[in-house]
Amino acid sequence: MDRLRVAELCASTSLFTDLGTGQPQEHGLATCLVAMRLADAVGVGVETARATFYTSLLRFIGCTADAHMAAETGGDEIRLFARAAPVFMGSMREEMARMLPLMAESDSIPHRLKALVAMLADPASKDRLLEAHCEVATRLATRIGLGRAVIDSLDAAYARWDGRGFPSGLAGEEIPVPIRIAIVARDIELWARDEGETSARQVLERRRGRAYAPEVVDAALETGIHHLRAHDGALWDQVLALEPTPWETLTGPEIDRGLEALGDFAELKSPMVAGRWRRVRDLLGALDDEFAPGERRIMERAATVFDVGIVGVPVRIWEAAEPGTAGWELIRLHPLWTRRALEHCTGMEPVAVTAGLHHERQDGSGYPGGIRGDLDRVAGRLAAAVLYDELTGGSPGKEPASPAEAAEQMSELASAGCLPTEAVARVLAAAGQGHQIEIDRPAGLTEREVDVLRLLANGMTNRQIATALGISAKTVGTHVEHIYAKAGVRTRAAATLFAIEERVVVR
C-alpha cells in the first residue's frame, strides 16, 4: 500500500530546516531526542508527548518565510540565522551584542549603517518576522495533517515564559506544553554541542523563569544534560522509535498533500522560484506517454519536491551566483541535498533518486554527480520539464526566454546528446498544448487584487507595486488589506504562500 509515516516526513523536513537555519545535519533530530526525554521527565501524557515529537521536528518549518528579507538585512541569511540561534531566547543585550557586528557584514559600511538604522527605527520588525514564521509554519503543518496541539504549539514557537517573546504577552501556563519543552530541548542541544555541557547548564539556570518554563528546566537539570543527549547508532532510527504509538500515517492523496507542503516551504525561499514545482508538474501531467501508475506517481512526486534542497543555498547566492564561482558550486549541491533528505523516508527512495537527477545530463555536463549515460524515462522527462521552466521562467543570472527560444535551445541540447531526444520532444509538445495556465480569482479576489498579490508574491514592496501598476502606494496598501482579509492571512509571507497554493504566481 502507498503509505508514509508522518514521523518520517517530519524528520525529513527537519533535515531541510537544518540546512535553512545553518545548523549541522541532524540537529533537528537531536533536538527531538532531547525533547522526548524531557517530556518523559516532566511526566506528560501520551497525546502531549505526541505533539511534542512533531513540534520539536517542525519548529523551524517557517524559516523560509522571511529568508529574502533577512538577506537584505544580513547578507547571508543562513549564517545570520545560525549565529543568532544561541542568543535568540536570551536577553536583548545578548542578542544585540551578537547580532550588530553581523549586520550585512559583507556589504559596504553605508549599507551596514542603513540596515542598522532601519532596524533600530523599527523595533517591531522582529515581531513581524516571527509572526511570518509562525503563520507559515501553522499553514504548512495543517496541510501535512497534524492536529490542533501541534498547530497551536507552532503558532507559539517563539514564546517566552515571561511574556516577552512572540506572540507578545503570551506567557507562563498559557504557552502550550509541547513548545515549552521544544524550546528548552533545542537550546540544550545547541549550547551543549557548541559550547559544552557546563555552558548549557549555565544557560538553563540563567534563563529559568525568563525564557524557559521552570518545570522543564528543573526536569532537564535533574535528568542531566549528558543523559538527555546521549545516543548511539543511527540517530534517525532512534528518534523515529520515540514516536508514541499508534503511529500516524499518510496514504495516497495525503502523501501528495504532505509533499506539496514541503515543496511550498522551499519556494518561499525566493520569489524567483515561486510556483515552479506546480508548473513543472502540470507540464509533466500533460505528457501523452503511457506510464504505469507507479511510474507516473514517482514522476509527479519528484516534480513536487525536486527543488527543496535550495533551502540550503543563501538567497543572494541563489539569485546572483555566476558559473564557476564558489556560490555556483553551492547551488550545484541542492539536488543532492534533496535526495539525501528524502531517501530516508520508507517508500520514497525512487522519488528521492529521480528528484536528485533533475539537473543531470547524459553527457556528464550536469550536476551534482556529472553522471554519464542514459537517463531513464521518468528522470529524463523531469529534467526536460525543469529545464523548460527555467528557460521560460528565468533562473539565476538568466532572463526568461520565449517558448520558441526555449524549444530551440532544448532541441540543440537533445541533438548534442545532453538530454533524451524523446523526453525533450514530449515536453515541448506538452508545452505547446497550453503550458500557460489560466489564473482564477481565488477567495473572491478582484482582478486588481490578483495583480497586486502576484507582484507581492514576487517580492515587490508596496511602493514598487504602485509604480508597476500605475496606482498610489496608499491604494496598494488598501488592496493588500483586502487580500489579507479574503485569504485569511496576517503576513506577506503567508500571502505569498497563499499565492503559490492558488497558482497566482504561475507564469
Side-chain angles (χ1 to χ4, degrees), residues 1-19 25-26 28-29 32 57-58 144-145 233-241 243 247-266 277 280-281 284-285 289 291-312 332-362 366-386 420 423:
M1 176 180 286
D2 190 25
R3 185 181 297 273
L4 174 64
R5 278 181 65 182
V6 173
E8 291 187 319
L9 179 59
C10 293
S12 183
T13 301
S14 79
L15 299 177
F16 289 116
T17 61
D18 289 343
L19 287 170
Q25 282 289 274
E26 299 192 335
L29 294 177
C32 184
L57 289 172
L58 295 181
I144 290 172
L235 186 57
W236 176 277
D237 294 336
Q238 291 188 52
V239 168
L240 288 185
E243 181 191 16
W247 294 343
E248 295 191 20
T249 59
L250 304 175
T251 59
E254 295 172 336
I255 297 175
D256 296 324
R257 287 193 290 271
L259 295 178
E260 288 168 2
L262 192 56
D264 287 344
F265 153 73
W277 74 254
V280 169
R281 196 174 73 176
L284 291 172
D289 287 307
F291 284 100
E295 276 188 311
R296 182 166 289 278
R297 184 164 57 241
I298 290 169
M299 183 174 67
E300 291 178 348
R301 288 177 176 173
T304 303
V305 295
F306 70 90
D307 247 358
V308 183
I310 67 170
V311 300
R332 287 165 63 93
L333 288 174
H334 81 270
L336 180 62
W337 291 333
T338 298
R339 173 175 175 170
R340 286 186 172 176
L342 288 173
E343 65 186 358
H344 288 288
C345 297
T346 305
M348 288 292 111
E349 296 91 339
V351 173
V353 170
T354 300
L357 295 173
H358 72 274
H359 279 302
E360 294 289 358
R361 301 293 182 257
Q362 296 186 146
Y367 59 87
I371 65 171
R372 290 181 178 272
D374 293 342
L375 295 172
D376 66 39
R377 185 165 67 152
V378 173
R381 280 152 179 73
L382 175 62
V386 170

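For clarity, every value in this text was computed on a predicted model and none was experimentally measured. For this chain, numbers begin at 1 and follow the sequence in order.
- A donor-acceptor pair is defined here as one N or O able to donate and one able to accept, closer than 3.5 Å; no such pair exists between the side chain of T251 and the backbone of D2.
- In this structure, L250 and D256 have side chains that are not in contact, with every pair of non-hydrogen atoms separated by 4.5 Å or more.
- With sequence neighbours excluded, the residues forming a salt bridge (Lys or Arg N to Asp or Glu O under 4.0 Å) with E343 are R339, listed by chain and number.
- With a 4.5 Å cut-off on side-chain heavy atoms, L342 and L262 count as touching.
- When side chains are defined from C-beta on, E260 counts as touching R281, because their heavy atoms get closer than 4.5 Å.
- The ring pair (Phe, Tyr, Trp, His ring centres under 6.0 Å) check on W247 picks up nothing, with sequence neighbours excluded.
- The two residues V305 and A355 make their nearest non-hydrogen contact at CG2-CB, 4.4 Å.
- Residues passing the side chain to side chain donor-acceptor pair (under 3.5 Å) test with T13: none are found, sequence neighbours excluded.
- One N or O on the side chain of T17 and one on the backbone of S14 form a donor-acceptor pair closer than 3.5 Å.
- Residue R361 comes nearest to H358 through the heavy atom pair NH1-O, 3.8 Å, listed as atom of the first residue, atom of the second, then distance.
- Between V311 and F265, the closest side-chain pair of non-hydrogen atoms falls below 4.5 Å.
- Every residue was checked against the salt bridge (Lys or Arg N to Asp or Glu O under 4.0 Å) condition with E8, not counting sequence neighbours, and none meets it.
- Side-chain contact between I255 and M348 is present, with heavy atoms from C-beta onward closer than 4.5 Å.
- Between the side chain of E360 and the backbone N or O of G369, at least one donor-acceptor pair lies under 3.5 Å.
- Side-chain contact between R381 and F291 is present, with at least one heavy-atom pair separated by less than 4.5 Å.
- Under a 3.5 Å cut-off, the side chain of E243 and the backbone N or O of L240 do not form any donor-acceptor pair.
- H359 pairs by the ring pair (Phe, Tyr, Trp, His ring centres under 6.0 Å) definition with H334, Y367, not counting sequence neighbours.
- With sequence neighbours excluded, no residue satisfies salt bridge (Lys or Arg N to Asp or Glu O under 4.0 Å) with R340.
- Across every non-hydrogen atom of L284 and A303, the tightest pair is CD1-CB, 3.7 Å.
- Q25 places no side-chain N or O within 3.5 Å of a backbone atom of D18 that could act as its donor or acceptor partner.
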